[in-house]
Enquirer: 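The structure is given below, and queries will be raised subsequently.
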There are 2 protein chains.
Amino acid sequence: MKFMDVHRGMTGITAEQFRAAHAADAAIEGEEGVHFEHAWADPESGTVYCLSEAPSRDAVQRVHERTGHPADEIHSVPLSA
Amino acid sequence: MKFMDVHRGMTGITAEQFRAAHAADAAIEGEEGVHFEHAWADPESGTVYCLSEAPSRDAVQRVHERTGHPADEIHSVPLSA
């Protein structure tokens with residue numbers, strides 16, 4: 001299943017911090033059966049979006065919690081175009 | 001520039017409605033210099049995400065307004081991974 005998760009409050013996140021956070025998730029995602037396909041960040045509003053393929057919402061959150069940045073929202077997105 | 005926009009209140013959107021809305025945007029996007037690269041929908045919460053390449057936030061909104069579904073949030077996402 002595909003999921004889109006949203007992190008807020010990341011105002012001012014730098015390209016380096018963003019890549020490090022994504023790399024930390026990628027390093028352990030396999031242990032939870034998750035694959036983060038893409039991530040996008042808006043440093044101005046502090047919003048980060050992550051698109052993943054995962055077995056469940058909980059699995060997505062476990063990865064983000066283990067790497068220290070739990071998501072504020074996680075939506076299953078069964079429709080895509 | 002890349003943008004992520006969010007539509008809320010689309011609870012129960014069907015695959016057909018979602019594809020029709022995306023196709024309506026795609027049909028006129030060139031007139032505003034916008035290209036919608038991907039869109040994802042969560043019918044349960046009624047949330048739709050659209051990723052675009054566009055000259056400005058206003059250009060993204062003009063396309064969505066002309067096709068009858070203005071976005072609730074539009075974020076520039078200069079960082080991606």
Side-chain angles (χ1 to χ4, degrees), chain A residues 1-29 34-54 56-58 60-61 63-64 67 69 71-81, chain B residues 1-29 34-54 56-58 60-61 63-64 67 69 71-81:
Chain A
M1 300 163 67
K2 284 219 187 300
F3 293 88
M4 182 73 84
D5 68 74
V6 185
H7 305 256
R8 303 188 194 283
M10 300 223 171
T11 308
I13 188 170
T14 67
E16 193 177 350
Q17 290 168 331
F18 175 65
R19 280 191 287 263
H22 189 65
D25 287 341
I28 65 160
E29 64 180 16
V34 175
H35 176 55
F36 287 101
E37 300 180 348
H38 291 286
W40 302 269
D42 172 15
E44 194 181 319
S45 71
T47 314
V48 175
Y49 299 93
C50 303
L51 180 71
S52 62
E53 177 72 38
S56 68
R57 184 182 278 117
D58 286 352
V60 173
Q61 189 67 309
V63 176
H64 282 326
T67 55
H69 43 256
D72 294 293
E73 289 179 40
I74 303 177
H75 294 283
S76 168
V77 285
L79 305 182
S80 69
Chain B
M1 300 164 68
K2 284 217 189 299
F3 293 88
M4 183 74 83
D5 67 74
V6 184
H7 305 255
R8 303 188 193 283
M10 300 224 171
T11 308
I13 188 171
T14 66
E16 193 177 351
Q17 290 168 331
F18 175 66
R19 280 192 288 263
H22 189 66
D25 286 341
I28 65 160
E29 64 180 16
V34 175
H35 176 53
F36 288 101
E37 299 180 349
H38 290 287
W40 301 269
D42 171 15
E44 194 181 318
S45 69
T47 314
V48 175
Y49 299 93
C50 303
L51 180 71
S52 61
E53 176 71 38
S56 69
R57 185 181 277 116
D58 286 352
V60 173
Q61 189 67 307
V63 175
H64 283 325
T67 55
H69 44 255
D72 295 292
E73 289 179 40
I74 303 177
H75 295 282
S76 168
V77 285
L79 305 182
S80 68

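The structure displayed is predicted, hence computed values, not measured ones. Chain letters run A, B, ... following the sequence lines, proteins first, then strands; residues in each count from 1.
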Enquirer: Can you name the nearest heavy-atom pair linking Pro78(A) to Pro43(B), along with the distance?
Expert: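 Shortest heavy-atom contact: CG-CD, 3.7 Å.
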Enquirer: Are more than 12 heavy atoms, taken from residues, nucleotides or ligands other than Glu37(B), located less than 6.0 Å from that residue's CD atom?
Expert: yes
Enquirer: State the CE-OG1 distance between Met4(B) and Thr47(A), to the nearest 0.5 angstrom.
Expert: 10.5 Å
Enquirer: His38(B) versus chain A, heavy atoms under 4.5 Å apart: side chain, backbone, both or neither?
Expert: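 Contact with chain A is through both the backbone and side chain of His38(B).
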Enquirer: What part of Val6(B) lies closer than 4.5 angstrom to a heavy atom of chain A: side chain, backbone, both or neither?
Expert: side chain
Enquirer: Going by the angle between their ring planes, with limits at 30° and 60°, are Tyr49(B) and Tyr49(A) parallel, tilted or perpendicular?
Expert: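 Perpendicular: the ring planes of Tyr49(B) and Tyr49(A) meet at over 60°.
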Enquirer: What are the two closest heavy atoms between Ser80(A) and Trp40(B), and how far apart are they?
Expert: CB-CD1, 3.7 Å
Enquirer: How many angstroms lie between atom NE2 of His75(A) and atom CD of Glu44(B), to the nearest 0.5 angstrom?
Expert: 10.0 Å
Enquirer: Rounded to the nearest 0.5 Å, what separates atom CG in Leu79(A) from atom OG1 in Thr14(B)?
Expert: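 Leu79(A) CG to Thr14(B) OG1: 8.0 Å, rounded to 0.5 Å.
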